[in-house]
Amino acid sequence: MSIGELARSTGLAVRTIRFYCDEGILESHRSAGGHRMFDAESATERLLLVRRLRALGLGLGSITDVLHGQCTIAEAIAIESARLDREFRSLSWRRASLRAVGRAEPAERAGRLALLAAAQDGGAVHECLERFWRRVLAPIARRDVDGWLSWNIPEPPADPSVDEVVAYAGLAALVADSDMNSAVRRQFWRSRPELIRDGQGLYADVGDVMADVVPLVAKGVKPHGGSELARFVEAHARARGERDSPRFREQLLTDATDADPRIHRYWALTEQLFEDRVTVGRAHNWIYDALAGSTAT
C-alpha cells in the first residue's frame, strides 16, 4: 500500500504519516522507485491505534512506548489519568483562589491576593507544613513522626472551596512566620527542653496522653486534674530526671506559649479543613488548661 492509499484508508494526512515514519512509530520500506510502501493490514491497524490514543490525549512518547511493548495500553492510560488528576487539582486550586480574591471585600482584597499568591500549589504547601512539624518534633525519628503528621496535617483538597483554599493558604502563612517554630516547640516540649534526656520516650508518652484526651475534648469534658494530667506531668518529669511536684508544674508553665494567638489560629484553620476531627492542638489546650488549673489550686 502506498502512502496515499494509507492516508485515504485511515483519514490521516500524508504529512502526518510521514511524521510518524520519521518518529519510528510506523514502519515502511522503499519501492524500486523510492516511494514509501506499507503493509496494508499492520500499518492501518497501527495508525488507527495511534489515532485513538491521541484522541484520548496521550502524548507521542507514551504511544511509542505502547507500540514498542515497553508498556501496555492499560498502563499508559493509568499514567495519563494520573497526570490529568494532577492537572485537575492544580486548575481547581487556581479557580478557588480566583474566586476567593473576587469575593473578598475591597478593603481586604490586596491582603487576600498576597496570601493566595504565596500558596498557589497545594502540594507544595503540604510539604512546607510537613517540614515545619518535622523541625518542631526534631530530633524524633522520621518514621515515628509520620503517623503524627498524617493525623494532624490536612491533605490539600482535590477540589477546594473558597473557604478551604483560604484556610490552607493561611496555614502556609503561619508556618512561614520566623517565630512560629520556636513558639510551637515551646508548647510541645515545655520549659527547659535542654534538660530532656529521653526525647523519644517523652514524645511517645505525651502521644499516649493526647490519644486519651481527644475523646474527652470530643465529648465536651472540661479540663480537670486527673490521670491524663498526672501522666502528662510525669512524662515531662521523668524525661528530665525529676519528679511531679507543685514546683515542677509551675516550671512547665514558665514562658508558656499556649495562649499564643498564632497557635490558636493554626489549629482553628486545621480543624476547619478536617471538619469533625479533634486535632492534637485542642488536646494540648485541654492539658494546658488542666495544668494551669492545678497550679492555681
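Numbers here are sequence positions counted from 1.
Between Val280 and Val213 the shortest side-chain heavy-atom distance does not fall below 4.5 Å. Annotation: side chain of Val101 is in contact with side chain of Leu116 (closest heavy-atom distance under 4.5 Å). Taking the side chain as every heavy atom from C-beta outward, Arg52 and Leu56 never approach each other to under 4.5 Å. Within the 4.5 Å cutoff, the side chain of Arg54 has heavy atoms near those of the Leu60 side chain. Using a 4.5 Å heavy-atom threshold, the side chains of Ser161 and Arg99 count as separate. Counting heavy atoms from C-beta outward, Leu229 and Ser294 have side chains that approach closer than 4.5 Å. A 4.5 Å side-chain heavy-atom check between Asp39 and Glu27 finds every atom pair outside the cut-off. With contacts defined as side-chain heavy-atom distances shorter than 4.5 Å, the pair Arg95/Leu91 does not qualify.
A salt bridge links Arg134 and Asp146; the closest N-O separation between the charged side-chain nitrogens and carboxylate oxygens is under 4.0 Å.
The one candidate from Asp198, Asp205, Asp244 that meets the salt bridge (charged side-chain N to carboxylate O under 4.0 Å, His left out) condition with Arg238 is Asp205. Only one option out of Arg190, Gln187, Arg262 pairs with Thr257 in a side-chain contact (heavy atoms from CB on, under 4.5 Å); it is Gln187.
For the atom pair CG (Leu53) and CD1 (Ile73), the distance works out to 5.5 Å, reported to the nearest 0.5 Å. The line from CG of Asn285 to CD1 of Ile263 is 8.5 Å long, rounded to the nearest 0.5 Å. Rounding to the nearest 0.5 Å places CG of Leu129 at 10.0 Å from CD of Glu155. Going from atom CG of Leu49 over to atom CG of Leu67 covers 5.5 Å, rounded to the nearest 0.5 Å. How far CD1 of Ile153 is from CZ of Phe274: 8.0 Å, rounded to the nearest 0.5 Å.
The ring-ring contact (aromatic ring centres under 6.0 Å, His included) check on His126 picks up nothing, with sequence neighbours excluded.
The shortest heavy-atom contact between Leu58 and Ala76 is CD2-CB, 3.7 Å. Of all heavy-atom pairs spanning Phe132 and Val184, the tightest one is CZ-CG2, 3.9 Å. Of all heavy-atom pairs spanning Leu12 and Ala7, the tightest one is O-CB, 3.2 Å. In plain terms, the two heavy atoms of Leu171 and Leu273 that are nearest each other are CD1-CD1, 3.7 Å. Across every non-hydrogen atom of Ser191 and Arg240, the tightest pair is O-NH2, 2.7 Å. Residues Trp93 and Pro160 come closest through the heavy atom pair CE3-CG, 3.7 Å.
Of the possible donor and acceptor atoms, one in the side chain of Arg109 sits under 3.5 Å from a partner among the backbone N and O of Ala104. Between the side chain of His236 and the backbone N or O of Glu234, no donor-acceptor pair lies under 3.5 Å. Side chain of Arg135 to main chain of Asn181: no donor-acceptor pair is present (N/O by atom type, distance under 3.5 Å, no hydrogens or angles). Side chain of Thr44 to main chain of Glu41: no donor-acceptor pair is present (N/O by atom type, distance under 3.5 Å, no hydrogens or angles). Listed for the Thr254 side chain is a donor-acceptor partner under 3.5 Å among the backbone atoms of Gln251. In this structure, Arg103 contributes its side chain and Leu98 its backbone to no donor-acceptor pair below 3.5 Å. No side-chain donor-acceptor contact under 3.5 Å links Tyr266 to the backbone of Pro261. For the pair Arg185 (side chain) and Ala138 (backbone), a donor-acceptor distance under 3.5 Å is present.
In terms of hydrophobic clustering, with Ile, Leu, Val, Met, Phe, Trp and Tyr side chains grouped at heavy-atom distances under 4.5 Å, Val50 and Leu48 are assigned to different clusters. A continuous path of hydrophobic side-chain contacts links Val14 to Phe38 [ILVMFWY only; heavy atoms under 4.5 Å]. Cluster membership for Trp151 and Tyr168, using ILVMFWY side-chain heavy atoms within less than 4.5 angstrom, is not shared. Put simply, Met1 and Ile3 are part of the same group of oily side chains (I, L, V, M, F, W, Y) that touch within less than 4.5 Å, one to the next.
Neither side chain, Ser62 nor Asp65, offers a donor N or O lying under 3.5 Å from an acceptor on the other. With no hydrogens or angles considered, a side-chain donor-acceptor pair links Gln200 and Asp144 at under 3.5 Å. No side-chain donor-acceptor contact under 3.5 Å links Arg51 and Thr10. Inspection of the Gln120 and Ser97 side chains reveals an N or O donor paired with an N or O acceptor under 3.5 Å.
The number of heavy-atom neighbours closer than 6.0 Å to CD of Glu194, taken from other residues, nucleotides and ligands shown, is above 12. Heavy-atom neighbours of Arg243 CZ from other residues, nucleotides or ligands within 6.0 Å: at or below the threshold of 12. Within 6.0 Å of atom CZ in Arg30, more than 12 heavy atoms from other residues, nucleotides or ligands are found, so the atom counts as buried in its surroundings.
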Ser2 and Arg36: side-chain hydrogen bond (donor to acceptor under 3.5 Å, both in side chains), yes or no, with the steps? CA-CA 6 Å; Ser2 69; Arg36 294 182 195 263; over 6 Å; no
Go through Arg231 and Asp212 one step at a time and tell me if the salt bridge (charged side-chain N to carboxylate O under 4.0 Å, His left out) criterion holds. CA-CA 11 Å; Arg231 287 161 51 209; Asp212 291 338; 2.8 Å; yes
Applying salt bridge (charged side-chain N to carboxylate O under 4.0 Å, His left out) to Glu80 and Arg83, what does each step give before you reach the verdict? CA-CA 5 Å; Glu80 179 65 15; Arg83 186 191 69 79; 2.6 Å; yes
Could you please spell out the steps behind the salt bridge (charged side-chain N to carboxylate O under 4.0 Å, His left out) verdict for Arg277 and Glu271? CA-CA 7 Å; Arg277 182 180 302 182; Glu271 290 202 351; over 6 Å; no
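Using cut-offs of 30° and 60° on the angle between ring planes, the pair Trp133 and Trp267 is tilted. Relative orientation of the Phe188 and Trp148 rings is perpendicular, given thresholds of 30° and 60° on the angle between their planes.
Between Tyr288 and His284, the ring center distance fails the sub-6.0 Å criterion.
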